[in-house]
Amino acid sequence: MLTQNLTQPIYCEQSTCIDHRGKPLSFPSTAAYEAHYEARHRHVCLACCKVFPNDYFLQLHLDEFHDMLLQIRRERGEKVFRCFVQNCKKSFMTPKMRRLHLIDKHHFPQYYDFNIIASGTLSFEERQRHAECKKSSDRMDIVKTKRTRQSNDIETTKDTMDMDELTQQMTRLRIPRSISFGRAKPGLSSTRKKK
C-alpha cells in the first residue's frame, strides 16, 4: 500500500503551473517536485509575481522596482544599483554601469541576462504569456482611466464655476492704498520727488 503511494505522481497545485493540455504539472518524485518548487515558487515577488533564482536577486528586484525611498534616492542621483555578486559592496548610478562592472571585474559573459532583476527567471513562453496578460490588463486600465477622466471633467466644471464666481467677487473688492503688492512700501509713493 505504501509503495503504491510512492509511485504516484505529485502535482503542483499552483494555478500558474499547467502543462500544454491545461492540466496541473506532475512530478515523478518528491525530489523533482522540491526542485520545481525551489525554482518556481520560493523566490517570488508578491507585488508583480515574478520569480527569481535566489533571495538576493529577489531583494535587488524589490529594492529597484518596488521601494519608493530607493526610487527617490535614484532620482537624486545616488548610486542605488547594487552588484549582482553578494560579496561585492559596489553600487552604481545606472544598470549599464553595473553591467560593465560585472563583465570587467567578475567576468560575467556579455550574453548574460542582465535584465534578470526586471524580468525574473521566466522562460520565453512565460514572458510571452505575461506580456499578453499585461496587454489585456493595460486595456482595462485605459478604459478605467477614460471613465475616471470623464467623471473628473464633470467635477472640474463645477470647480471652475466656483472659481469664476470667486473671481467676480474679488474684482468687486476695493484694496486700500496702504497695501502694496511688491511695488513700493506703503506711504512711500507720496514722498517721491516729482521732476
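Starting from 1, each residue takes its place in the sequence as its number. Everything numeric here is computed off the predicted structure, so don't read it as measured data.
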(request) Please report the closest heavy-atom contact between Val85 and Phe108, naming both atoms and the distance. (result) CG2-CE1, 3.9 Å
(message) Please give me the minimum heavy-atom distance between Gly120 and Phe52, naming the atom from each residue.
(response) CA-CE2, 3.6 Å
(message) As a quick check of understanding, evaluate side-chain hydrogen bond (donor to acceptor under 3.5 Å, both in side chains) for Asp63 and Gln59, giving each step before the final call.
(response) CA-CA 6 Å; Asp63 291 345; Gln59 190 59 51; 2.9 Å; yes
(message) To the nearest 0.5 Å, what is the distance between CG on Leu102 and SG on Cys83?
(response) 4.5 Å
(message) Please report the interatomic distance CZ(Arg73) to CG(Leu69), rounded to the nearest 0.5 Å.
(response) 8.5 Å
(message) Could you report the tightest heavy-atom contact between Lys50 and Ala118, atom names first, then the distance?
(response) NZ-O, 2.7 Å
(request) Could you please spell out the steps behind the side chain to side chain contact (heavy atoms under 4.5 Å, CB included) verdict for His66 and Cys48? (result) CA-CA 9 Å; His66 302 295; Cys48 61; 3.6 Å; yes
(message) Using the ring centroid of each side chain, check whether Phe84 and Phe57 are separated by less than 6.0 Å.
(response) yes
(request) Please confirm whether the backbone N or O of Arg82 pairs with a side-chain atom of Arg98, one donor and one acceptor, at under 3.5 Å? (result) yes
(request) Give a yes or no on whether Phe81 and Leu62 share a hydrophobic cluster (residues Ile, Leu, Val, Met, Phe, Trp, Tyr; joining criterion: side-chain heavy atoms under 4.5 Å apart). (result) no
(message) For a quick test of reading the model, state the closest non-hydrogen atom pair linking Asp113 to Ser119 and the distance between them.
(response) OD2-OG, 3.9 Å
(request) Take Tyr112 and Ile103 through the test side chain to side chain contact (heavy atoms under 4.5 Å, CB included) and record every step on the way to the result. (result) CA-CA 9 Å; Tyr112 182 81; Ile103 292 169; over 6 Å; no
(message) Set out, in order, the CA-CA distance, both residues' side-chain angles and the distance that settles side chain to side chain contact (heavy atoms under 4.5 Å, CB included) for Leu58 and Cys45, then state yes or no.
(response) CA-CA 7 Å; Leu58 174 60; Cys45 175; 3.9 Å; yes
(message) Let me check something: do Tyr56 and Ile116 share a hydrophobic cluster, defined by ILVMFWY side-chain heavy atoms less than 4.5 Å apart, either directly or through other members?
(response) yes
(request) Would you please test Lys90 and Lys79 for side chain to side chain contact (heavy atoms under 4.5 Å, CB included) and show each step? (result) CA-CA 9 Å; Lys90 288 221 172 220; Lys79 297 177 179 181; over 6 Å; no
(request) Could you tell me how the ring of His106 sits relative to the ring of His101: parallel (under 30°), tilted (30 to 60°) or perpendicular (over 60°)? (result) perpendicular
